[in-house]
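Any value given below was found using the heavy atoms of this structure, including those in side chains, with hydrogens, waters and symmetry copies removed.
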Amino acid sequence: MSDILHPEMRTLENSKFQVIYHSADSVQQDSDMSEHPENFVKLIERARLMSPALQCHDEEKPHHLLRMVTNKRLTKEAYDRDVRHFELESLSSVIDFQVGDVLEILPGQNPSVVDAFLRRCNLDPDCCITIQRRATEKESLDPSQNGVVHPIKLRSFVALAMDIASASPRRYFFEVMSFYATAEHEKEKLQHFASPEGRDDLYQYNQKERRTVLEVLEDFPSVQMPFEWLVQLVPPLKKRAFSISSSPLAHPNQVHLTVNIVSWTTPFKRKRHGLCSTWLVALDPQESRGVVIPSWIHRGCLPPPPPSLPLILIGPGTGCAPFRAFIEQRAVQNTKGPTSPVLFFFGCRSQESDFLYEHFWLSHSQNHGVLSKEKGGGFFVAFSRDQPKKIYVQHKIREESARIWRLLNAGAAIYIAGSSTKMPTDVTSAVEDVIVKESGMSKESASRWLRALEKAGRFNTEAWS
């Protein structure tokens, strides 16, 4: 209580971690990533093993290093949303994945932003460091407790493990800053932000505006925080996850992604950009061949279906990504033996502006393709803004109730992918309406029927914010 009433009386304990500096002669130099990709993998592993925030939560070593080979805009140039089709190729080996998997990418941070952070914090980019948990009085100082950690250049650690370019710091960051502010007005402002009374002001300044660590430090120029505290408090650089939109049968050495290039305007009219999507869209396949993309592959929420399983796929917007992979896979399987029908429901705003993969869907809907009527399939698209009354995928689902019910009775599985806002709930409600209409069940019974379908592994959803 005395700390709240008298903030000038507060004291700051030591940081939980200490930075140990090493001579450059004893450290292996960070290799050029394009010429020595295997050394770049080790560099990433060393940096992220050393990060306090990532030690217990991260799989450090990338599964693959990928290179951008195709960067194609799917939406019209004049349209306000930029959705891209990326094709990434492995530098060395065949990529082991299956449809429904997720690709995680460690984004690159703009080198000029990294340099600006190092200058602002008065850090030597070429010095070599290791990071260890600071021993308490009850703990021994045995360095083996921290495992064997090889030194790394400070600049490499910042670029690969500290999110200085997109994440906002937390409240304690401002509290620690207040102890190192030499300008009185900055100290008072930081103490206010760290206090219970300043919580709303901090939210308006920091979280709502999505200020980055570098921006906050630049707003308080008298603050010089020791690197130990920055290591502890700067948010870790996190991987970004994307649904894979290609089949390994069709593209064994590639993964394709369908990515919305994220940008928005803050309440104070500041333009912000998503870190990973902005980095990817800037990679030109010809001019950026030396840039590698550290990647991990993990199982997603959508299990890969066998060719004998009938499918009802619902994926509006970029939710179509995993189902592009499903249909690509089913098309290859169709050349080798019999496959079951596929119904696909897609939605977008306008046929003219954001009909993603239009040619792909239509080509598979014709000439005995896997979505064609001859194969028992179907492709249904809702353009929400092309008429006065908005039409969404759930409207198309209700229109095709007889076909959906017939396929469900044949053992079909339902897959839903896309935005996690209202879409999954609205689509689930539409499927329940189909069951009510075609079977005569009550709404409650239809809901229980769907839950049983989910327990049997035949109702799967992958949603993202």
Side-chain angles (χ1 to χ4, degrees), residues 74-75 83 243 245 258 302 305 309-331 334 339-419 422-439 446 450 453 458-463:
L74 297 175
T75 51
V83 179
S243 295
S245 56
T258 309
L302 305 177
L309 180 66
L311 299 176
I312 300 167
L313 311 177
I314 304 153
T318 54
C320 71
F323 304 139
R324 181 179 182 271
F326 278 33
I327 290 167
E328 208 172 49
Q329 179 106 335
R330 187 63 63 96
N334 192 44
T339 58
S340 290
V342 181
L343 303 180
F344 177 47
F345 294 84
F346 174 70
C348 62
R349 288 186 174 184
S350 167
Q351 183 174 6
E352 181 65 27
S353 301
D354 62 337
F355 191 176
L356 309 181
Y357 300 115
E358 176 181 5
H359 176 72
F360 178 86
W361 310 124
L362 295 179
S363 65
H364 284 289
S365 303
Q366 303 162 0
N367 302 321
H368 296 272
V370 294
L371 293 176
S372 66
K373 288 184 178 179
E374 295 90 345
K375 286 288 185 180
F379 173 59
F380 312 97
V381 57
F383 302 111
S384 63
R385 308 294 173 88
D386 280 354
Q387 60 285 313
K389 187 176 181 180
K390 292 180 181 178
I391 298 175
Y392 297 110
V393 286
Q394 52 265 36
H395 298 112
K396 294 293 181 180
I397 289 169
R398 292 184 177 97
E399 287 176 8
E400 300 297 329
S401 62
R403 297 184 68 177
I404 291 173
W405 183 242
R406 189 161 55 246
L407 218 55
L408 284 173
N409 280 325
I414 298 174
Y415 287 78
I416 302 169
S419 170
K422 291 179 60 182
M423 187 276 297
T425 301
D426 290 344
V427 165
T428 301
S429 179
V431 174
E432 289 174 353
D433 290 344
V434 166
I435 297 168
V436 168
K437 177 182 177 182
E438 299 297 331
S439 72
L450 270 188
L453 207 67
R458 290 172 50 208
F459 187 88
N460 304 283
T461 302
E462 183 170 87

Suppose we screen for salt bridge (Lys or Arg N to Asp or Glu O under 4.0 Å). Which residues come up paired with [X], at least two apart in sequence or across chains?
| X | value |
| --- | --- |
| Arg385 | none |
| Lys396 | Glu399 |
| Asp426 | none |
| Glu462 | none |

Solution key, residues 344-352 side-chain donor-acceptor pairs under 3.5 Å, sequence neighbours excluded:
{"from": "Ser350", "atom 1": "OG", "to": "Glu352", "atom 2": "N", "distance (Å)": "3.2"}
{"from": "Ser350", "atom 1": "OG", "to": "Asp386", "atom 2": "OD1", "distance (Å)": "3.2"}

Identify each donor-acceptor pair in which a side-chain atom of residues 403-414 lies under 3.5 Å from a protein atom, sequence neighbours left out, and give them as a table.
{"from": "Arg403", "atom 1": "NH2", "to": "Gly377", "atom 2": "O", "distance (Å)": "2.5"}
{"from": "Asn409", "atom 1": "ND2", "to": "Trp405", "atom 2": "O", "distance (Å)": "3.3"}

Answer yes or no: is there a side-chain heavy-atom contact under 4.5 Å between Leu302 and Phe326?
yes
side-chain hydrogen bond (donor to acceptor under 3.5 Å, both in side chains): which pairs involve residues 369-382, sequence neighbours left out?
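Only Asn334-Lys375, Ser372-Glu374 qualify under side-chain hydrogen bond (donor to acceptor under 3.5 Å, both in side chains).
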Looking at Trp361, Phe379, Tyr357, which hits side-chain contact (heavy atoms from CB on, under 4.5 Å) with Ile327?
Trp361
Pair Thr428-Thr425, side chain to side chain contact (heavy atoms under 4.5 Å, CB included): steps then yes or no
CA-CA 5 Å; Thr428 301; Thr425 301; 5.8 Å; no
Can you list the residues that meet the side chain to side chain donor-acceptor pair (under 3.5 Å) rule with Ser419, with sequence neighbours excluded?
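Once residues adjacent in sequence are excluded, the partners of Ser419 under the side chain to side chain donor-acceptor pair (under 3.5 Å) criterion are Thr421.
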Restricting to side chain to side chain donor-acceptor pair (under 3.5 Å), what partner residues turn up for Gln329, sequence neighbours left out?
Ser247
Excluding sequence neighbours, so at least two apart, what forms ring-ring contact (aromatic ring centres under 6.0 Å, His included) with Tyr392?
none
So, using side-chain contact (heavy atoms from CB on, under 4.5 Å) as the criterion, who are the partners of Ser429 when residues are at least two apart?
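For Ser429 the side-chain contact (heavy atoms from CB on, under 4.5 Å) partners, ignoring immediate neighbours, are Arg398, Asp433, Lys443.
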Report yes or no: does Ser384 contribute a side-chain atom to a donor-acceptor pair with the main-chain N or O of Lys390 at less than 3.5 Å?
no
So, the side chain of Arg330 versus the backbone of Leu371: is there a donor-acceptor pair under 3.5 Å, distance only?
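No; zero donor-acceptor contacts below 3.5 Å.
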List, one per line, each side-chain donor-acceptor pair under 3.5 Å for residues 315-324, sequence neighbours excluded.
{"from": "Arg324", "atom 1": "NH1", "to": "Ser245", "atom 2": "O", "distance (Å)": "2.7"}
{"from": "Arg324", "atom 1": "NH1", "to": "His256", "atom 2": "ND1", "distance (Å)": "3.3"}

With rounding to the nearest 0.5 Å, note down the distance linking CE in Met423 to CD1 in Ile416.
7.0 Å
How long is the straight-line distance from CZ of Phe380 back to CG of Leu313, given to the nearest 0.5 Å?
11.5 Å
So which heavy atom on Ala446 is nearest to which on Val436, and how close?
CB-CG2, 3.8 Å
Applying side chain to side chain contact (heavy atoms under 4.5 Å, CB included) to Leu356 and Thr75, what does each step give before you reach the verdict?
CA-CA 7 Å; Leu356 309 181; Thr75 51; 4.0 Å; yes
